[in-house]
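Encoded as structure tokens, the structure appears first; notes follow it.
Here the structure is a predicted model, which is why all the values come from computation and not from measurement. In what follows, chains are A, B, ... by sequence order, proteins preceding strands, each numbered from 1.
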2 protein chains.
Amino acid sequence: MARVGLNAERLTRAGAELADEVGFDKVTVSALARHFGVKDASLYSHVRNSQDLKTRIALLALEELADRVAAALAGRAGKDALAAFANAYRDYAREHPGRYAAAQLELDYETARNSAAVRHSRMTRAILRGYDLAEPDETDAVRLLGSTFHGYVALERAGGFQHTPRTTEDTWPRILDALDALLRNWPKA
Amino acid sequence: MARVGLNAERLTRAGAELADEVGFDKVTVSALARHFGVKDASLYSHVRNSQDLKTRIALLALEELADRVAAALAGRAGKDALAAFANAYRDYAREHPGRYAAAQLELDYETARNSAAVRHSRMTRAILRGYDLAEPDETDAVRLLGSTFHGYVALERAGGFQHTPRTTEDTWPRILDALDALLRNWPKA
DNA sequence: TACGTTTGCCTAATACTCCTAGGTATTTTA
DNA sequence: TAAAATACCTAGGAGTATTAGGCAAACGTA
């Protein structure tokens with residue numbers, strides 16, 4: 001019979017697309033097998049198991065997201081960089097909800113260490129170059145930014161901001177204003 | 001044969017405890033049935049299905065968390081209230097990781113509307129009474145606080161802050177300082 | 001206290017997902 | 001073109017979710 005031509009990368013890409021369509025938690029080995037018109041068991045030559053498949057999708061999403069952020073950040077500094085970073089992050093989550101959810105998957109130490117997660121933390125730190133922060137304030141500020149962006153996107157996605165007339169479109173730029181103001185006037189210890 | 005005496009509430013409580021022990025996503029109908037020494041099918045007289053069980057655990061967690069926050073907030077204002085709120089939130093997540101994850105479950109509109117989630121948003125707004133913010137800044141600030149706390153707890157739990165010498169114990173109070181400073185000097189539109 | 005009703009828990013059965021072992025056929029390579 | 005690698009298969013076992021229908025314990029009432 002004709003072969004479909006599977007390999008780990010095609011499975012990962014199809015899994016990422018499937019995640020965006022139906023949700024990351026609904027990406028299963030059998031759903032993916034159905035998508036390619038093969039039997040479940042056939043996937044196990046390319047992927048160790050279900051967890052491995054999910055990890056690969058997570059790593060793909062982290063790479064893509066890091067690439068986007070890097071592109072958005074190029075040549076910008078200060079508040080421009082802050083906004084570019086934040087928007088890249090948020091836009092990715094909206095365009096690719098499944099991949100974004102995948103990027104949140106908890107990776108074991110070793111896997112995370114060799115993933116694009118490292119680029120993410122370096123880029124977050126790079127934003128702060130336009131502001132005048134010394135350690136340990138810089139680390140604290142990195143954590144604040146990461147927390148706020150991640151939290152905002154998560155709550156927005158969960159529909160947490162839908163019960164008031166104020167739209168999230170209006171709120172978002174104001175939050176960037178606020179964070180910019182905060183970074184320019186970081187409180188003394 | 002002797003009956004165990006199941007009912008929806010006991011199942012929900014046991015499910016919440018199980019969530020804290022093994023993770024919310026590992027709370028299954030069959031695991032819970034095993035815990036009580038009964039057959040899977042027996043649970044379906046008390047709970048509609050797996051989703052219903054998870055929703056009940058989520059609602060329980062939201063109630064508990066709201067109670068804690070309310071207690072922490074009583075009689076406080078300004079930065080005191082901010083810190084009490086944030087700590088109640090964070091402590092709950094650390095003591096009850098499974099329940100906290102459950103509280104993040106996406107509820108449909110109607111369910112959310114009748115849940116303790118409403119108390120949560122009211123309490124978040126109450127914090128701001130000690131600061132001088134008019135609408136729509138108040139709504140934006142509520143969203144910023146919610147995002148930051150939620151995001152911080154999520155990233156901390158995922159181990160996102162473990163790769164640097166600066167501990168999260170040191171960072172956390174500084175983030176509260178920063179948010180307090182920000183609320184006192186909210187930028188003009 | 002006996003009787004009927006409720007209901008807590010059971011057995012049986014179906015369906016879906018994950019995964020292993022071992023086989024066949026196709027493609028690659030030497 | 002024969003050998004090696006490998007893409008996909010069949011078969012089957014285990015766990016989870018769920019429905020349908022049954023028996024017996026507990027409860028309310030006459």
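Nearer the 5' end of DNA chain C, as judged by each residue's closest nucleotide, is the contact made by Asp40(B), out of Ala41(A) and Asp40(B).
Base contact: Ser42(A) has a heavy atom under 4.0 Å from a base atom.
Taking atom CZ of Arg3(A) as the reference point, atom C1' of dT27(C) lies 6 Å away to the nearest angstrom. Leu43(B) has its CG atom 13 Å from the P atom of dT19(D), to the nearest Å. Distance Asn49(B) CG to dA20(D) P: 14 Å, rounded to the nearest Å. Regarding Lys39(B), its NZ atom lies at a distance of 7 Å from the P atom of dC10(C), rounded to whole Å. In this entry the distance linking CG of Leu32(A) with C1' of dC16(C) reads 16 Å, nearest Å. Here dG8(C) presents its C1' atom at 17 Å from CD of Glu9(B), a figure rounded to the nearest Å. Rounded to a whole Å, the NZ atom of Lys54(B) is 10 Å from the C1' atom of dT16(D). Counting to the nearest Å, the P atom of dG22(C) and the OH atom of Tyr44(A) are 18 Å from each other.
Between Ser30(B) and dG15(D), a side-chain N or O to OP1/OP2 separation shorter than 4.0 Å is absent. Within the structure, a side-chain polar atom (N or O) of His46(B) is placed less than 4.0 Å from OP1 or OP2 of dC9(C). Put simply, Arg34(A) has a side-chain N or O that comes within less than 4.0 Å of OP1 or OP2 on dT17(C). Between Ser45(B) and the phosphate of dT7(C), there is no side-chain N or O to OP1/OP2 separation shorter than 4.0 Å.
For the pair Ala141(A) and Leu128(A), the tightest heavy-atom approach, listed with the atom from each and the gap, is CB-CD1, 3.7 Å. Nearest heavy-atom pair, Thr168(B) versus Glu156(B), reported as atom, atom and distance to 0.1 Å: OG1-OE2, 2.9 Å. Closest approach of Gly5(A) to Arg10(A), counting heavy atoms only: O-NH1, 3.1 Å.
Closest contact between the side chain of Ser50(B) and the listed nucleotides dC19(C), dT18(D), dC8(D) involves dT18(D). Comparing dC10(C), dT18(D), dC18(C) by their nearest atom to the side chain of Val38(B) picks out dC10(C).
Using a 3.5 Å distance cut-off with no hydrogens or angles, the side chains of Asn7(B) and His46(B) do not pair a donor with an acceptor.
Connection of Trp172(B) to Tyr100(B) is established within a shared hydrophobic cluster, with ILVMFWY side chains joined at heavy-atom distances below 4.5 Å, either directly or through further cluster members.
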